[in-house]
Amino acid sequence: MNENNPKLTVLPEGGVASAAGVYAGGIHAGFRKNPQRLDLALVEFDEPVSAAGVFTTNKFCAAPVTVSREHLGEGRCAKVRAVVINSGNANAATGDEGLESAEQSCKLVANEIGCSPREVLVASTGVIGQLLDVAPFETGVPALHEKIAAAADEAARQAGGHDAARAIMTTDTHPKERAVSYEATGALAGHTVTVGGMVKGSGMIMPNMATMICVITTDAPVTPETLHEILLGTARVTFNKVTVDSDTSTNDTCIALATGAAAPGVPAIEAGTPEAAELARAFREVCQHLAREIAADGEGASRLVTVTVAGAASDGDADTAARAVANSPLVKTAIYGHDCNWGRIAMALGKCGVPFDQRDVDIDIMGMPVCRDGLTVPFDEDEALRRFDEPEITIWADLGAGTCETTVWTCDLTHEYVKINGEYRT
């Protein structure tokens, strides 16, 4: 094992609270009518920690996105004490009242844990265009902070992290969590570093420079600026490679937090060092797993779909072509129908504007060659049907126009997607 490429160990039942110095929880505060649905999450720290964020590029960005951006500053990184997240209401397209609600929720958390409101970040998810009632924060924040403080042992602390992951869900069918650890080298030699996280996202999914709602934590000592660089680089190759329905949310928020508790007294990791590369690798593993979980749990989805486009003239061309395939309703419905119709993939590639010669294109579905040099390749339809029973469907295409390659994750398109979104507000 390369000393700068240590083995990553997946932590069973790991999540946002796996890193040392992270405290989290979730309760039902009243944003949702169903008392069995947790709807308020809080991640907090005993002292200010490094924080960084990436957010939606949607022009209709939600009030909590605006507030969290301001609290992090122009560099999108700072020191914070907490992140508060509600589900059930997006607080988007709510004007000045929405901004006031977001700021007030930060103040309530700040008053409870004893810090400045600017040291609190906020995120919301749910229905767009409805004013967010602050009352559930007023009663929920103190109750949740007390619940977190009462966690008497490590098991209770981890349980709090799992509750937080459930509290941020909307149409998700299950909580999405991940954590890994590694034995650090270099300046951090002798210390075990952990990276953990939680994410929600199932529909309105094609992020740009962020993800749905995500919190990633680590106990590595790292400067806010370096943490932002790691998060930005990670998002580009993980969350930004997910598409369920080609729609970018108004509320996409991805926040990274670093306590430094794994190596007290050790100087903070700086960008461009081997220690930063180690940490970035762990971030990528956690976020790629969570990204794939989002795609697999796309609204109504029955299959995770992995689309790889190789042989492109540039990275941008590879990304454009892969997204064209991943976002095509015809490709997605063919997968749902277990139809090995490679012509739909060829169509999607051909319409996207990327330069290539169709006579150079190869396509595989589930590892089966179905197109070579732009022409059909005979294949066993019964074998294709058998392979479509797998939980993950793979599509590979080589454009024969260069050396660049990328992978995008999506899902199939089912009747249930239409039902879920047709009934979302009712």
Side-chain angles (χ1 to χ4, degrees), residues 6-26 38 41-46 49-54 80-85 121 123 148 151 153-169 172 174-184 188 191-201 210-222 224 226-228 230-231 233-235 238-239 253-263 269 275-276 278-294:
K7 179 182 179 181
L8 297 176
T9 301
V10 176
L11 303 182
E13 304 299 320
V16 72
S18 292
V22 181
Y23 305 92
L38 305 185
L42 182 64
V43 182
E44 61 176 77
F45 309 91
D46 290 334
V49 302
S50 294
V54 288
V80 307
R81 284 283 306 277
V83 180
V84 62
I85 306 167
L121 304 179
I148 292 171
D153 55 27
E154 184 63 19
R157 190 171 72 87
Q158 295 303 318
H162 301 323
D163 285 345
R166 286 192 290 274
I168 66 175
M169 292 167 50
D172 307 67
H174 62 272
K176 302 172 178 68
E177 305 172 84
R178 183 72 160 184
V180 302
S181 66
Y182 65 93
E183 298 301 318
L188 271 69
H191 299 283
T192 300
V193 171
T194 298
V195 176
M198 63 178 182
V199 70
K200 63 78 52 184
T211 180
M212 295 39 68
I213 303 292
C214 179
V215 178
I216 305 295
T217 59
T218 181
D219 45 24
V222 56
T226 299
L227 187 62
H228 184 259
I230 290 172
L231 179 62
T234 301
T238 58
F239 297 126
T253 298
C254 185
I255 295 167
L257 306 130
T259 67
I269 295 171
E275 292 81 5
E278 285 183 355
L279 184 59
R281 180 168 170 262
F283 262 68
R284 180 167 179 170
E285 199 284 339
V286 168
C287 293
Q288 179 170 302
H289 177 89
L290 294 175
R292 286 169 54 86
E293 285 258 294
I294 292 167

Intermediate values then yes/no, side chain to side chain contact (heavy atoms under 4.5 Å, CB included), L231 and L227: CA-CA 6 Å; L231 179 62; L227 187 62; 5.6 Å; no
Using side chain to side chain contact (heavy atoms under 4.5 Å, CB included), reason through I148 and E44 one step at a time and then give a plain yes or no. CA-CA 9 Å; I148 292 171; E44 61 176 77; 3.8 Å; yes
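I269 CD1 to L279 CG: the interatomic distance, rounded to the nearest 0.5 Å, is 5.0 Å. In this structure, the separation between CD on E275 and NE2 on H191 is 11.0 Å, given to the nearest 0.5 Å. Atom CD of E183 and atom OG1 of T9 lie 7.5 Å apart (nearest 0.5 Å). Remark: R81 CZ to L121 CG distance equals 12.5 Å, nearest 0.5 Å. Within the model, atoms CE of M198 and NE2 of H162 stand 12.0 Å from one another, a figure rounded to the nearest 0.5 Å. One finds the NE2 atom of H174 at 12.5 Å from the CZ atom of R166 (value rounded to the nearest 0.5 Å).
Although no hydrogens or angles enter the test, the distance criterion places no donor-acceptor pair under 3.5 Å between the side chain of D219 and the main chain of T259. Side-chain atoms of T238 never come within 3.5 Å of backbone atoms of A291 as a donor-acceptor pair (strictly under, hydrogens ignored).
Side-chain atoms of I255 and V43, non-hydrogen and from C-beta on, never get closer than 4.5 Å to each other.
Contact check on E278 versus R281 returns no salt bridge, with no Lys/Arg side-chain nitrogen under 4.0 Å from an Asp/Glu carboxylate oxygen.
When the shell of 6.0 Å around CZ of R284 is examined, it contains 12 or fewer heavy atoms from other residues, nucleotides or ligands.
Taking both residues in full, the closest heavy atoms of A262 and T192 are given as CB-O, 3.4 Å, listed atom of the first, atom of the second, then distance. Heavy atoms only, all atoms of each residue included: V54 and A235 are closest at CG2-CB, 4.4 Å. What you find for L257 and A51 is that their closest heavy atoms are CD2-CB, 3.8 Å. The two residues A276 and T226 make their nearest non-hydrogen contact at CB-CG2, 4.4 Å. Across V10 and E285, no two heavy atoms sit closer than the pair CG2-OE2, 4.4 Å. Listed here is the closest heavy atom pair of C214 and F239: SG-CZ, 3.8 Å.
For A41, the side chain to side chain contact (heavy atoms under 4.5 Å, CB included) partners are I85, A164, A167, I168, not counting sequence neighbours.
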Donor-acceptor list for residues 11-26 side chains, cut-off 3.5 Å, not counting sequence neighbours:
residue	atom	partner	partner atom	Å
S18	OG	G15	N	2.9
S18	OG	G15	O	3.3
S18	OG	Q158	OE1	3.3

